[in-house]
Structure formats: C-alpha cells, structure tokens
Amino acid sequence: MDILSYLIPIALVMGGLWLAGFLWALKSGQFDDPEGAANRILEDEEIL
Amino acid sequence: MTPQAITDYSGFIRPQKDGRHHLHLAVEGMNCAGCAFKIEKALNANETVAARVNVTEKRLTLTWAGDAAMGNRLVESARALGFQFSAIRQTADNDNGRNRALVRYMAVAGFASGNLMIFSLALWFSTPETMGVSTRQLMYWYSALISLPAVIYSGQPFFKSAWRAVSHRRTNMDVPISVAVILATAMSLFETIRSGAHVYFDSAVMLLFLLLVGRYLDAKARARANNAAADLLSLMSGTATVLQGDGHQRIPAAEIKAGMVLLAAKGEKILADGIAQGDTLIDAAALTGETLPQTIASGGYLLAGMVNLGNPVQVRVEKPQSESLMGDIIALMQKAEQGNAHYVRLADRIAGWYTPVVHALALATFIGWWGFGGMAWQAALLYAITVLVITCPCALGLAVPVTQVVAGSRLFRQGMLLKSGDALERLEKVDTIIFDKTGTLTTGKIIFENRADFSGEELSLVAALASHSRHPLACAVAGVAPVNSVTDISEIDGKGMQGVYQGKICRLGSAKFLEVAALPDDEKMELWFASEGQTPKRLIFSDTPHADAIETIIRLKKRYRVLMLSGDRLPVVQTVAAQLGIENFYAGIDPKQKFALIEGELKNGHFVLMVGDGLNDAAALTLATVSMSPSSAIDITQNAADIVYQHKGISSVLTALDTAHKTQNIVRQNFALALGYNCLAIPLAMAGLVTPLVAAAAMSSSSLLVIFNALRLKGK
C-alpha cells in the first residue's frame with residue numbers, strides 16, 4: 001500500500017483546493033443574491 | 001427662497017481607493033425583481049455610475065465617479081421612481097455577517113467530515129490483519145490532521161456560546177456539545193499517539209457538521225425577524241429645517257423643540273407633531289397605510305412621519321419628537337422588545353437537565369469501571385468519554401430547527417410568512433386572542449349600504465359631488481354612478497360639497513350642513529344629500545366584517561378567549577362585536593391603552609396572540625406573546641408581527657394555530673426519538689460495547705430519523 005503515501009496527500013490537496021475555492025466564492029459575494037441572479041436572466045436588455 | 005430639499009446621505013457616502021465614491025442603502029417599496037432592475041437601469045444610464053440592487057437583501061450598492069454630493073442626486077432620481085431609501089440597519093448587517101460565518105463553518109466541517117468518512121470506511125471494514133497496522137496508523141494520523149483544524153475552526157460558535165452560558169452560571173444546548181466534541185477529539189488524538197483503536201474523529205466532526213446545518217437552518221428562518229423599533233427610529237431620523245428670524249438652519253431631528261417653526265419642503269418628511277401654517281397635501285402612508293394624498297388646511301394637525309407632497313409648508317411644532325405619537329409608539333416597542341429577549345427556547349430548557357444527567361452517567365461509568373471493574377484509569381476514562389460522545393445531542397440539535405423549517409415552508413404555501421421559528425412554540429401556548437377591528441376583523445373599506453333608497457339621477461349627482469372630495473365617505477360613493485354634469489362644485493371645509501345642477505343647488509355633506517331637522521338615533525356613519533327644496537336624504541355607510549370572520553370567531557371561541565380592541569367609537573365597535581359574537585370588546589382605545597391592556601393580560605398569566613394592522617397596533621404586536629398581521633398592513637406593523645398573512649379575512653389565524661400545535665407535537669416526538677435512541681445507546685456505551693463505528697452509526701441514524709419525522713409535517 002505504498003501508493004497511499006502519495007495518493008492520500010494528492011486527494012487532500014484537491015479537496016483543499018475545492019474548499020479554498022468555495023470560501024473565496026463566498027467571500028466575493030457570489031452567494032449574496034440568489035433571487036437577483038435567478039431573475040436577472042429574465043430581464044430584457046438591449047444587446048449591442 | 002424655497003430650498004430644494006433632498007435627503008442627505010453624505011454620512012454614508014464613502015470614498016474608494018480608485019477615486020470613486022460608494023454608497024450602500026436599504027431599499028423599500030420593491031415588490032419584485034423587476035423593480036430592482038428598474039432602479040439599476042435608471043441609475044446605470046449615467047456612464048460614470050455603477051449600480052447594483054441586491055434583491056434578496058433589498059440593498060442598493062452605488063458607485064460613481066465625481067463628487068460626493070452627486071450621490072444624493074442619484075438616490076433622488078431613484079426615489080422619483082417610487083421607492084424609498086434608508087440607512088442599512090445595523091442588526092440586519094450583523095445577521096448577514098453571522099449567516100455568512102455559519103456557511104464558512106459548515107463548509108470547513110463538511111469538507112472535513114467527508115474526507116474523514118472516506119478514511120473511516122476503510123478503517124471500519126478492515127482489521128489490523130487485512131490492512132496492516134502501519135497503514136491504519138497512517139490513516140489515523142491523516143484523520144487527526146484533518147480533524148484538529150476543523151474542530152478548532154468550526155466548533156467556534158458552540159464553544160463561544162457554551163462559554164458564555166457557563167460564565168453566567170447557566171447551561172444551554174451548546175455545553176454538552178462542546179464538552180463532547182473537545183473530549184472526543186482529545187481522546188482520539190491521545191489514542192492515535194499511543195496507537196490505540198478508540199479513535200472518534202469522524203464522529204466528532206460529523207457531529208459538528210450536522211449541528212451547524214441545524215443552526216444554519218435556524219438562522220435562515222430567523223433572518224426575516226426585523227427589529228421593528230429600529231425601523232420606526234430610522235423613519236424619524238434625519239435633519240429638519242428650522243426657521244429662525246430671517247434665515248433657516250438644519251438641525252438634527254432629536255433637537256426639535258416645541259414652539260419651533262419647521263419648514264418641510266416638497267417631498268420632505270415631517271419630523272415632529274405640529275400645526276400646519278398653510279394648506280398642504282400630505283402622504284400619511286407610513287402612519288395609516290392610506291395611499292391617497294390628504295389635504296390638510298392651515299391650522300390642521302400634522303404628525304411626524306407624514307410626507308409633504310405639496311408646496312413647502314411651515315409647521316409650528318407642538319411636541320418634540322420624543323413626545324410625538326411616533327415617539328410614544330417607539331418607546332413602547334422598545335420596552336416590549338426588551339421583554340421578548342427573555343424567552344427561553346424549548347431546546348435550551350431541555351439542555352438544562354440533559355447536561356447534568358449525561359455527565360452524571362459518564363462519571364458513573366468511570367467510577368464503575370475503575371472502582372468496581374478493576375480497570376486501569378485510562379481505559380475507564382475511555383469508556384466514560386465514549387458515553388459522553390454517544391449521548392451527544394446530534395439529533396437533539398436538529399430536532400427543533402428542521403421541524404421549524406418544514407413548518408415555515410408549509411405556512412408559506414398557505415400564504416403566511418413566518419418570521420422566526422420560536423413563534424410557533426409561542427403560538428402553541430396561546431390561550432387568549434386579541435383582535436384589532438378595522439382592517440383586521442373588518443375589510444377596512446367603507447360600504448354604501450342604502451343605495452336602493454336613491455334614484456338613478458340622485459346617485460349621479462351624489463357621485464358628481466363626491467368625486468371632488470377626499471373625505472373617506474365621499475370616496476366610497478364617488479364611483480356609485482356615472483357622473484352628471486354638475487357645475488360650480490365647491491367644498492365647504494368640514495361640512496360638505498355643494499354644486500349647481502339644472503339651476504338648482506345640490507348639497508352633499510354632514511347633517512348640520514344640510515340643516516337636517518330630525519336627527520336619527522343610531523350612530524351609523526352617514527352623509528346627507530339634497531337638491532334645493534327637497535328633504536335631505538340619508539346615505540348610510542358601514543364597515544363590514546370579513547366574510548369568514550363570523551365562522552372563524554365561532555371556532556376560535558371554542559378553545560380560546562377572544563377579545564376585540566378598537567380606536568373607533570363605542571357604537572360602531574358594539575355593532576361589529578354583536579355581528580361577530582365577541583363579548584369582550586373595548587372601544588376608543590389609543591396605542592398606550594392597547595399596550596397596557598396586553599401588559600395586564602400577560603401579568604395575569606395569559607398567553608396572548610395579537611392580530612392587528614395599524615400603526616397604533618405596532619407596540620401591542622411587539623409586546624404580545626406572539627403576533628400576526630395582514631400583508632395589507634403598513635410596513636412597520638408587518639415588521640413588528642411574528643407572522644404576516646396574505647389571505648383576506650382571519651382564517652389564517654386558525655391555520656397558524658393549528659400548524660403550531662402540529663409542529664410542536666412533531667418537535668416533542670423528535671425529542672422523544674432522540675432521547676429514546678440515546679437510552680438505547682447509553683447502556684451499550686456504559687458496558688464498553690461501543691466502538692467508533694457504532695457511535696457514528698447511532699448519531700447518523702438518529703439524525704435521519706428526526707429529519708424524516710419532521711418531513712411528515714409537509715403532508716399533514
């Protein structure tokens with residue numbers, strides 16, 4: 001099971017990247033306005 | 001000379017590093033996302049401006065290049081679209097910050113427990129023979145590496161809350177949770193170091209994760225509970241223009257004194273009770289919900305909270321803000337809100353005896369194994385800690401929040417907005433219901449009753465005269481028939497309307513105006529109409545109760561005491577009470593008296609549900625054990641209520657009470673399930689039969705059981 005000694009760290013790092021990404025998204029306000037984001041697609045806007 | 005007064009937000013405008021300025025404000029009057037986009041479009045039309053409206057939180061974020069004062073003009077242009085802007089309340093900001101912190105804790109705990117479970121699966125389904133001792137050790141160490149930071153970080157809300165309770169010599173649900181998590185983690189670390197097998201990292205972290213989920217659900221449900229008194233305060237804050245000698249000066253609202261003369265510009269809010277020094281048009285929506293502008297003649301009374309819609313008017317102040325009607329109501333609400341903070345939630349009350357019992361059992365386990373079983377103290381301690389871990393209230397922590405969230409969504413489907421979970425707890429205890437009359441029990445609309453007594457021509461004349469008046473009774477008849485061409489219509493202040501039709505003078509107004517000879521006995525709302533030479537005829541008006549009111553009251557009276565309060569005159573209130581079958585009623589009551597009445601009921605040990613819709617109900621709503629208000633009520637009253645209902649009529653009250661009983665039953669079942677599960681697990685733990693696998697399985701399955709039981713509320 002020697003393979004585990006580098007597989008586990010790789011898995012943990014990947015998971016850690018996810019956590020870091022999620023916390024960044026949370027901090028930058030991606031989750032602040034779920035209703036606004038949902039409705040924004042329905043808005044009519046002129047596309048130039 | 002008249003200053004174009006725009007509300008000054010400069011206190012909130014902040015410069016940014018890139019030379020732009022930004023401004024955050026709370027927005028009111030948005031009914032849907034479309035409104036938000038309307039505001040954004042209007043503001044973004046200016047190229048230097050970036051505007052974003054957060055629909056969920058009802059906030060406007062504005063940045064622009066240019067001078068700071070431009071911010072005021074920008075907000076004014078948005079205000080012209082029909083929305084109101086105000087400072088963001090500190091409590092709302094705090095709530096948002098807390099929720100975000102909870103999500104962070106959840107994310108970390110979730111990440112940790114997911115990874116820990118992967119290790120645990122491998123560990124549980126293998127033995128030292130199949131996996132190899134060194135590999136198992138490696139996995140334990142990785143588990144420790146993941147758990148320790150996760151516990152230290154995500155455990156914070158529990159540790160802090162437990163510490164606060166203990167330092168005040170109290171206990172709450174977070175005390176056993178914190179003790180169990182800390183002990184489990186410490187013990188597991190100890191075991192890992194000395195290569196033992198009793199490692200409970202996964203249980204400890206999973207426990208934290210599930211409890212954080214419960215806490216987050218709870219916080220979301222509470223997010224809508226607004227601090228109502230603060231809303232009123234923001235309505236009263238700002239600066240006013242005082243006329244002094246030849247000049248004028250802006251002073252803070254709090255410094256307004258009786259005798260001062262204020263100048264209220266067009267669109268400006270009146271900040272103190274006083275006498276109008278000129279004719280004007282005002283909007284009293286914040287006070288009465290009346291959307292039609294009202295004319296106030298010179299000498300008429302103006303109240304703080306009204307908005308001046310007409311030309312600038314001078315106001316001679318009669319009372320400083322603190323003594324104004326608004327001020328009184330604010331003071332009462334603040335007093336009531338302080339009282340509310342003492343309600344101890346069911347979960348915390350259970351924790352009160354749960355904690356000592358569980359700790360006593362753990363101690364008994366330790367003493368039993370070490371003293372009588374002859375085991376080494378480390379092993380005995382291990383068993384004792386296992387008892388604490390397995391009795392840890394995972395399901396107990398979820399039992400209440402999950403149920404309340406399901407109950408809240410069920411109420412939502414029935415047209416009710418539940419502001420806070422414990423409103424349901426309080427609703428279940430209610431034994432007395434107090435209703436406001438106008439707008440709550442009655443439709444609040446005035447109905448013209450005896451239309452049949454008038455001919456078509458007479459009705460047209462009445463409509464023609466009435467359409468020129470703003471009097472509430474006139475508005476009720478203005479649409480009763482197509483309008484005739486009546487000329488020379490004029491309003492005689494305080495008396496009625498007069499006009500000329502086919503050469504004859506017609507009048508519509510009070511009995512005195514039409515010189516009615518024989519006044520009728522009953523005190524119904526009335527207007528009189530006559531053409532020149534004719535005997536005046538009477539128009540009778542009434543305020544009808546909602547269609548479902550009578551039946552709902554009958555059903556409510558079976559289980560509760562029902563009272564009615566009203567500021568209206570006694571005869572009118574008596575009529576409505578008789579119609580609805582309410583024996584206990586009070587008429588002519590002002591907000592202070594309403595408050596005192598409820599205080600009296602509470603002192604007598606009653607639990608009061610207050611249902612009301614007006615500004616004069618706001619303080620009573622805050623004080624009552626639990627309160628409801630229709631969505632037709634003004635904003636402030638809706639904010640003060642625990643539940644806001646959309647359906648017309650009062651059947652929602654029955655529905656809410658019924659739901660509250662069902663919810664509390666399920667909560668009690670959940671507690672029983674959670675405790676029952678613990679009762680099974682404790683003997684096992686005390687006997688030393690609990691392994692980490694058993695502990696994790698017990699916790700997860702008891703939590704699932706509790707959640708599924710809560711979901712039963714959806715279908716009932």
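- Contact count against chain B (heavy-atom pairs under 4.5 Å) is highest for A:Pro9 among A:Pro9, A:Ala37, A:Gly29.
- Expressed to the nearest 0.5 Å, how far CE of B:Met106 lies from CZ of A:Phe22 amounts to 7.0 Å.
- No side-chain donor-acceptor contact under 3.5 Å links A:Asn39 to the backbone of B:Ala33.
- Taking chain A as the reference chain and counting heavy-atom pairs below 4.5 Å, the highest number among B:Met131, B:Arg52, B:Arg104 is found for B:Arg52.
- In this structure, the portion of B:Ile146 lying under 4.5 Å from any heavy atom of chain A is its side chain and not its backbone.
- Closest approach of A:Leu23 to B:Val108, counting heavy atoms only: CD1-CG2, 4.4 Å.
- Both the backbone and the side chain of B:Ala107 come within contact range of chain A, each with at least one heavy atom under 4.5 Å from a heavy atom of that chain.
- Under the 4.5 Å side-chain criterion, counting only non-hydrogen atoms from C-beta, A:Leu4 is in contact with B:Met139.
- If you measure heavy-atom distances from A:Leu12 to chain B, the contacts under 4.5 Å come from both the backbone and the side chain.
- B:Arg100 has its side chain within reach of A:Asp32: a pair of non-hydrogen atoms, C-beta onward, lies under 4.5 Å apart.
- Proximity to chain A (any heavy atom under 4.5 Å) is restricted, for B:Val53, to the backbone atoms N, CA, C and O.
- Crowding of B:Gln137 atom CD: a count of heavy atoms from other residues, nucleotides or ligands under 6.0 Å exceeding 12.
- Interface residue B:Asn54: backbone and side-chain heavy atoms are both found under 4.5 Å from chain A.
- The number of heavy-atom neighbours closer than 6.0 Å to CG of B:Asp18, taken from other residues, nucleotides and ligands shown, is above 12.
- When A:Lys27, A:Arg40, A:Glu35 are compared by the number of non-hydrogen pairs under 4.5 Å with chain B, A:Arg40 comes out ahead.
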